[in-house]
Amino acid sequence: MPTPPTTTALLIDFDGVLRRWPADDAALERDHGLPRGSLREAAFDPRLLAALVEGRIDDAAWRTQVALVLRDRHPAADVAGAVAQWSAGIGEIDRELLAVLDDCRVQRRVLVSNGSTRLRRDLAAHGLSDYFHAVVNSSEIGIAKPAAAFFAAALEAAAVRAGHTVFIDDSAGHVAAAEVLGLRAHRYLDVAGLRAFLRDGGLLT
């Protein structure tokens, strides 16, 4: 039986995995006179979100567009205040997961995100600017997961072949796309599941 290739790089998603956000914005919306769910409905409109993560608009322009949509739909609300408060958030880093990554026996850690042009600023705010050996951000390269070209860029940044790489993401579609390309992939649900996956692969100390 052939020996499996040594894993030398770990590619990991950011939002929904390492960074967590509040479950909803209900309190913020209530305080500013917006209906519950209206903020995320505007912000995550598929066409607008695609433009953001593919780098066709920057983060500031995205937030401006969100405000315009909300003003049109809810003219009596304090849209400026709502968007300003919402924009001030940077989420929270899952420190338990970060500790697992610290113990992971790989030569390179690469952050792979369908992120906005604000991603690197947020990494700095969380003290993670130097944590990863490379950052592959869809808005910077103009290609988003699950496109094969995105994974090609990530593997190039990691300087590793697909068969020597593990990929962690909370999207089942992204995980499936990575597996088709030969990466060993894990759909992230919780820290315990990831720890077991990495331990089974011989990647935890």
Side-chain angles (χ1 to χ4, degrees), residues 2-20 44-59 61-62 91 93-94 97-98 100-124 126 128-189 193-195 197-198 200-204:
T3 302
T6 302
T7 299
T8 58
L10 182 144
L11 312 181
I12 188 164
D13 185 29
F14 193 43
D15 290 309
V17 179
L18 190 55
R19 177 165 68 171
R20 300 303 178 86
F44 300 124
D45 172 84
R47 287 180 295 180
L48 183 59
L49 188 62
L52 174 71
V53 301
E54 292 170 5
R56 290 182 275 118
I57 59 172
D58 65 15
D59 188 86
W62 174 58
I93 298 300
D94 187 329
L97 174 53
L98 201 65
V100 172
L101 297 184
D102 289 341
D103 289 338
C104 189
R105 289 199 297 258
V106 291
Q107 295 174 12
R108 288 176 288 281
R109 291 186 298 255
V110 179
L111 190 70
V112 288
S113 174
N114 280 356
S116 79
T117 55
R118 203 178 88 164
L119 176 61
R120 291 184 188 269
R121 192 194 85 178
D122 286 358
L123 287 174
H126 284 298
L128 295 175
S129 290
D130 299 322
Y131 185 78
F132 299 97
H133 295 90
V135 173
V136 180
N137 181 5
S138 64
S139 62
E140 295 177 359
I141 66 174
I143 306 164
K145 291 177 285 186
F150 180 96
F151 288 102
L155 292 171
E156 182 178 359
V160 68
R161 294 179 180 178
H164 295 266
T165 309
V166 294
F167 170 68
I168 313 299
D169 199 289
D170 63 323
S171 164
H174 297 173
V175 166
E179 289 176 336
V180 167
L181 297 171
L183 288 78
R184 185 173 176 223
H186 171 75
R187 185 185 180 193
Y188 182 81
L189 297 175
L194 176 59
R195 186 183 289 113
F197 169 78
L198 295 173
D200 289 347
L203 297 177
L204 283 185

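- When all heavy atoms of Phe151 and Pro146 are compared, the pair lying nearest together is CE1-O, 3.8 Å.
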Evaluate Leu198 against Leu10 for side-chain contact (heavy atoms from CB on, under 4.5 Å), listing each step before the verdict. CA-CA 10 Å; Leu198 295 173; Leu10 182 144; 4.0 Å; yes
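- The two atoms that bring Ala124 and Ser129 nearest to each other are CA-OG, 3.1 Å, heavy atoms only.
- At least one donor-acceptor pair under 3.5 Å links the side chain of His133 to the backbone N or O of Arg109.
- Note on residues 175-189: pairs passing side chain to side chain donor-acceptor pair (under 3.5 Å), not counting sequence neighbours, are Arg20-Tyr188.
- Counting heavy atoms of neighbouring residues, nucleotides and ligands inside a 6.0 Å radius, atom CG of Asp200 exceeds 12 of them.
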I'd like to know whether Ile93 forms a side-chain contact (heavy atoms from CB on, under 4.5 Å) with Tyr131, so could you lay out the CA-CA distance, the side-chain angles of the two residues, the decisive distance to 0.1 Å, and finally the verdict. CA-CA 13 Å; Ile93 298 300; Tyr131 185 78; over 6 Å; no
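- The structure places CD of Glu54 at 10.5 Å from CD1 of Ile141, a figure rounded to the nearest 0.5 Å.
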Hey, mind stepping through Leu111 and Ile12 against side-chain contact (heavy atoms from CB on, under 4.5 Å) and telling me if it holds? CA-CA 5 Å; Leu111 190 70; Ile12 188 164; 4.3 Å; yes
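- Annotation: side chain of Leu181 is not in contact with side chain of Phe167 (no heavy-atom distance under 4.5 Å).
- Atom CG of Leu97 sits about 9.0 Å away from atom CZ of Arg195, to the nearest 0.5 Å.
- Under the ring-ring contact (aromatic ring centres under 6.0 Å, His included) criterion, Phe14 pairs with no residue at all, not counting sequence neighbours.
- When all heavy atoms of Thr6 and His164 are compared, the pair lying nearest together is O-ND1, 2.7 Å.
- Under a 3.5 Å cut-off, the side chain of Ser138 and the backbone N or O of Gly115 do form a donor-acceptor pair.
- Screening residues 139-153 for side chain to side chain donor-acceptor pair (under 3.5 Å), with sequence neighbours left out, gives Asp13-Lys145, Arg120-Glu140, Asn137-Ser139, Lys145-Asp169.
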Determine, stepwise, if the pair Leu155 / Val160 fulfils side-chain contact (heavy atoms from CB on, under 4.5 Å). CA-CA 6 Å; Leu155 292 171; Val160 68; 4.1 Å; yes
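- Between the SG atom of Cys104 and the CD1 atom of Ile168 there is a distance of 8.0 Å, given to the nearest 0.5 Å.
- Heavy-atom minimum distance, Ser113 versus Leu119: CB-CD2, 3.9 Å.
- In this structure, Ala154 and Val112 approach most closely via the heavy-atom pair CB-CG1, 3.7 Å.
- Minimum heavy-atom separation, Ile57 to Ala61: CB-CB, 4.1 Å.
- Separation of atoms CZ (Phe150) and CD1 (Ile143) is listed at 9.0 Å; rounding is to 0.5 Å.
- The NE2 atom of His174 sits 13.5 Å away from the CG atom of Leu11 when rounded to the nearest 0.5 Å.
- Atom CG of Leu194 and atom CG of Leu101 lie 7.0 Å apart (nearest 0.5 Å).
- A side-chain donor-acceptor contact under 3.5 Å links Asp59 and Ser116.
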